[in-house]
There are 4 protein chains.
Amino acid sequence: MLLYLQPDSDVPLYQQIRDQIVAGLATGQLSPGDPLPPIRQLAADFGVHFHTVNKAYDLLRQEGLIRLHRRTGAVVVCEPAPPEFRGQWRERARVLLAEAFVKGIPPEEILAECTALLNSFQPANAHSDLSGGAST
Amino acid sequence: MLLYLQPDSDVPLYQQIRDQIVAGLATGQLSPGDPLPPIRQLAADFGVHFHTVNKAYDLLRQEGLIRLHRRTGAVVVCEPAPPEFRGQWRERARVLLAEAFVKGIPPEEILAECTALLNSFQPANAHSDLSGGAST
Amino acid sequence: MLLYLQPDSDVPLYQQIRDQIVAGLATGQLSPGDPLPPIRQLAADFGVHFHTVNKAYDLLRQEGLIRLHRRTGAVVVCEPAPPEFRGQWRERARVLLAEAFVKGIPPEEILAECTALLNSFQPANAHSDLSGGAST
Amino acid sequence: MLLYLQPDSDVPLYQQIRDQIVAGLATGQLSPGDPLPPIRQLAADFGVHFHTVNKAYDLLRQEGLIRLHRRTGAVVVCEPAPPEFRGQWRERARVLLAEAFVKGIPPEEILAECTALLNSFQPANAHSDLSGGAST
DNA sequence: GTGGTCTAGACCACA
DNA sequence: GTGGTCTAGACCACT
């Protein structure tokens, strides 16, 4: 589990940290019950202040993805999504998909990209293969 | 083409304006060659500072979606995506899809959401002339 | 609306600020739509760092009691309680009432205290008089 | 008398222990003169450090609810409330009641909740001998 | 002029 | 040794 931070990005550092941890959760690099590195250690590893990492962890806690513990540190938990999640997610997806669409990427390709990304998630459990592509 | 702005949202107003124009482009409410309302008029219509609208237009210009002329105002252009667009878009899509995935939404449902959204774009599947549609 | 902070209390400063704003909301000193003082001004008035006030405001935002705005600052909103609120509140009430009970305060007196406190809330609207006490 | 500890809660373990003992006192599961389990045994039973239990017991001792002897262990005592107790309790009750009030719960319902909780204390209304109940 | 982000570092609470 | 609190102050984003 490695983080690649871009200090000059317009995306806040704490958001980058949060995003990459979410991606790590999806790809199975992190699983429920796994501990996250201590705030201060992760901060030292990437040369940011521990407050920045703290804010990222706090975001993840509010989203129900990790739990912060005095002794254990942060552990992955993955609570179920609240009822309003679906609608808010759809609105963000609408904009993201629209961006690709208006830049001329054919819908089939956009869907293929999404399928490929989804297939890269949780490789160990192999939920299902969403692509109609051939294998073997 | 109507904008629904939420002044109390955590999403900046200029971003909301930009997002809705992008969505309008995708759904075909706006097409290449169409003029956008003058900055000051749009600002007056929605009670925001014209600097805010200006920033939204500037974003769209940087993305190659509109062109600003001092006389004609803003017109939709839809330049082809630069080579780096695809990769950057994929990274943002990865995070968005990961969020849904880790919250327990099955990949099939996520894909179904994406498909539904894409089908709502450019009614009647007439998404063949995304470029070159405006001019003599 | 005045805040009385006790720097030496075991209750964190940001919690004290949050608590007193909640109390101010209940007594009608603050009403939905009212603006809260700017973070930095409130911090300066009470000699604390603006981060401390920021954390208090952020708590209130998470509870749905205020909304933070870039331009307007913080305004009171009072969203409805989430479904899990009632049960969590009851557990905290159980402990608080038990404390008074085990210290020998008769239940009637405890209820009288609660009634008096509730009657001190929202004085302008005069919800109802919960005490059976006589008034001339 | 059983304790239900939530190690992942944001409430410190020692506070949870203290709270549940207070609740046990209120419901009559523990009465003045009753012995509390030895610190080390309670710690072992619930898999927490004995320092944690020690801190909970110390809190209760400071509150005048138990007395610690080096031989007898901890016994329930229920000293009368110090003069400052009433005022401090009222301030905490004000905040708790205000929270329910500002979240829209009607005062009648809040009072009903308090009444129900108080009625669950010390079964059969035998709350007359809160002190002096322990002897030869 | 508002809130937001980030850094730097001290001290404390919890287990 | 973990996270939490608080201070101090710089710089940026939004309107």
Side-chain angles (χ1 to χ4, degrees), chain A residues 5 7-17 35-44 46-59 61 66-75, chain B residues 5 7 9-17 43 46-56, chain C residues 5 7-17 35-44 46-59 61 66-75, chain D residues 5 7 9-17 43 46-56:
Chain A
L5 299 184
D8 294 337
S9 165
D10 55 341
V11 179
L13 287 175
Y14 74 89
Q15 183 80 42
Q16 294 183 42
I17 296 171
L36 262 59
I39 287 181
R40 284 165 168 83
Q41 178 191 316
L42 206 159
F46 294 96
V48 299
H49 194 75
F50 73 86
H51 275 159
T52 306
V53 180
N54 189 30
K55 185 153 188 176
Y57 277 26
D58 194 57
L59 260 186
R61 182 190 59 77
I66 69 171
R67 196 153 292 189
L68 295 173
H69 207 284
R70 277 165 281 284
R71 193 173 66 243
T72 329
V75 293
Chain B
L5 298 184
S9 165
D10 52 343
V11 179
L13 286 176
Y14 79 91
Q15 184 81 41
Q16 293 184 43
I17 296 173
F46 293 95
V48 298
H49 200 104
F50 76 90
H51 278 156
T52 306
V53 180
N54 192 28
K55 185 155 188 176
Chain C
L5 299 185
D8 294 337
S9 165
D10 54 341
V11 179
L13 287 175
Y14 74 88
Q15 184 81 40
Q16 294 183 43
I17 296 172
L36 262 60
I39 287 181
R40 284 164 168 84
Q41 178 191 316
L42 206 160
F46 293 95
V48 299
H49 194 75
F50 73 85
H51 276 159
T52 307
V53 180
N54 189 31
K55 186 155 187 175
Y57 278 26
D58 195 56
L59 260 186
R61 182 189 59 77
I66 69 172
R67 194 152 293 189
L68 294 173
H69 207 285
R70 276 165 281 286
R71 192 173 65 244
T72 330
V75 292
Chain D
L5 298 184
S9 165
D10 53 342
V11 180
L13 286 176
Y14 78 90
Q15 184 80 42
Q16 293 184 44
I17 296 172
F46 293 96
V48 300
H49 200 102
F50 75 91
H51 278 154
T52 306
V53 181
N54 192 27
K55 185 154 189 175

Strictly below 4.0 Å, heavy-atom distances to any atom of DNA chain E: list the hits from residues 50-57 of chain C, or just say none. C:F50, C:H51, C:N54
Using a cut-off of strictly less than 4.0 Å, decide whether B:Y14 has a side-chain nitrogen or oxygen near OP1 or OP2 of F:dT15. no
On DNA chain F, nearest-nucleotide positions of C:P12 versus A:P37: which is more 5'? A:P37
Please map the stems of DNA chain E, keeping only stretches of three or more Watson-Crick or G-U wobble pairs with both distances under 3.5 angstrom. E:1-14 with F:1-14
C:I39 vs A:R70, nearer the 5' end of DNA chain E by closest nucleotide: C:I39
I'd like to check C:L59 versus C:Y14 (side-chain heavy atoms, cut-off strictly below 4.5 Å). Are they in contact? yes
Output the rounded distance in Å from CD1 (B:I17) to C1' (F:dT15). 11 Å
Taking the side chain as every heavy atom from C-beta outward, state whether D:V53 and D:I17 have any pair of such atoms under 4.5 Å apart. yes
For residues A:I39 and A:Y57, determine if any side-chain heavy atom of one lies less than 4.5 Å from a side-chain heavy atom of the other. yes
C:R61 meets the salt bridge (charged side-chain N to carboxylate O under 4.0 Å, His left out) criterion, sequence neighbours left out, with C:D58
Earliest and latest nucleotide of DNA chain E, 5' to 3', sitting under 4.0 Å from a non-hydrogen atom of chain C? E:dT2 to E:dT7
Those residues at least two apart in sequence (or on a different chain) that pass side-chain hydrogen bond (donor to acceptor under 3.5 Å, both in side chains) with A:Q41 are none
Name all residues meeting the side chain to side chain contact (heavy atoms under 4.5 Å, CB included) criterion together with B:H51; count only those two or more places apart in sequence or in a different chain, and write none if there are none. B:H49
C:L68 and C:A74 have their tightest heavy-atom pair at CD2-CB, 3.5 Å
Can you confirm whether C:V48 sits close enough to C:L5 that some side-chain heavy atom of one is under 4.5 Å from a side-chain heavy atom of the other? yes
Qualifying residues under ring-ring contact (aromatic ring centres under 6.0 Å, His included), relative to C:H69, sequence neighbours excluded: none
DNA chain E nearest-nucleotide lookup for C:G73 and A:G47: closer to the 5′ end is C:G73
What nucleic acid atoms does C:V48 come within less than 4.0 Å of, heavy atoms only: base, sugar-phosphate, or nothing? sugar-phosphate
